[in-house]
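In what follows, a structure is listed as structure tokens, so that the remarks can point back to it.
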Amino acid sequence: MFAEADDGTIGQKFDSGKLRHSLLPSGVITEVLKVLEFGARKYKENNWQHVTNGRDRYYDAALRHITAWREGELEDSETGVNHLAHAICCLMFLLWFDLR
């Protein structure tokens, strides 16, 4: 038996105005996580936060990945993951720097 709200209705959820994670395209986050997992194994977890001159270096890296993708190279040769997932990671890092 469902518990009823004071007004007699059931199945209420007060989540209007909250972020809707279901709007994220399916599979995209998985590809981005593959890049992050690779980086965590190769370097160290969250190592990207401590890279010297990170803003310039991740900006450059994002553009390299976007350019490679634009020129028809879909996957990064080292990771086998789509260049756009790598670029998204770089852009997330830049956003993280800005939000700090």
Between His86 and Trp69, is the side-chain contact (heavy atoms from CB on, under 4.5 Å) condition met? List the steps. CA-CA 10 Å; His86 282 272; Trp69 171 83; over 6 Å; no

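- Cluster membership for Leu24 and Ile88, using ILVMFWY side-chain heavy atoms within less than 4.5 angstrom, is shared.
- Counting heavy-atom neighbours within 6.0 Å of Phe38 CZ, excluding the residue itself, gives a total above 12.
- With hydrogens and angles disregarded, a donor-acceptor distance shorter than 3.5 Å links the side chain of Arg55 to the backbone of Phe97.
- In the hydrophobic clustering of ILVMFWY residues, with side-chain heavy atoms under 4.5 Å counting as a link, Met92 and Trp48 come out together.
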For His83 and Glu75, run side-chain hydrogen bond (donor to acceptor under 3.5 Å, both in side chains): C-alpha distance rounded to whole Å, both residues' side-chain angles, the deciding distance at 0.1 Å, then the answer. CA-CA 5 Å; His83 278 291; Glu75 294 180 350; over 6 Å; no

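- The environment of Gln49 atom CD is dense: over 12 non-hydrogen atoms of other residues, nucleotides or ligands sit within 6.0 angstrom.
- Residues Phe93 and Ile29 are members of one and the same hydrophobic cluster, defined by side-chain heavy-atom contacts under 4.5 angstrom among Ile, Leu, Val, Met, Phe, Trp and Tyr.
- Within a 6.0 Å sphere centred on CD of Glu73, heavy atoms belonging to other residues, nucleotides or ligands number more than 12.
- Taken from NE2 in His65 to CG in Asp60, the straight-line distance is 11.0 Å, to the nearest 0.5 Å.
- One hydrophobic cluster, built from ILVMFWY side chains closer than 4.5 Å, cannot hold both Val35 and Tyr58; they sit in different ones.
- Side chain of Arg57 to backbone of Val51: no donor-acceptor contact under 3.5 angstrom is found.
- Listed here is the closest heavy atom pair of Gly54 and Leu94: O-CD2, 4.3 Å.
- Taking CD1 from Ile66 and CD from Glu71, the interatomic distance works out to 12.0 Å, rounded to the nearest 0.5 Å.
- For Thr79 against Asp76, the heavy-atom pair with the smallest separation is N-OD2, 3.0 Å.
- Both Trp96 and Val28 sit in one connected hydrophobic cluster of ILVMFWY residues. Membership requires side-chain heavy atoms under 4.5 Å apart, directly or through other members.
- Of all the heavy atoms in Leu91 and Ala62, the pair that sits closest is CD2-CB, 4.1 Å.
- Applying the side chain to side chain donor-acceptor pair (under 3.5 Å) definition to pairs two or more places apart or across chains, those involving residues 19-31 are Glu31-Lys34.
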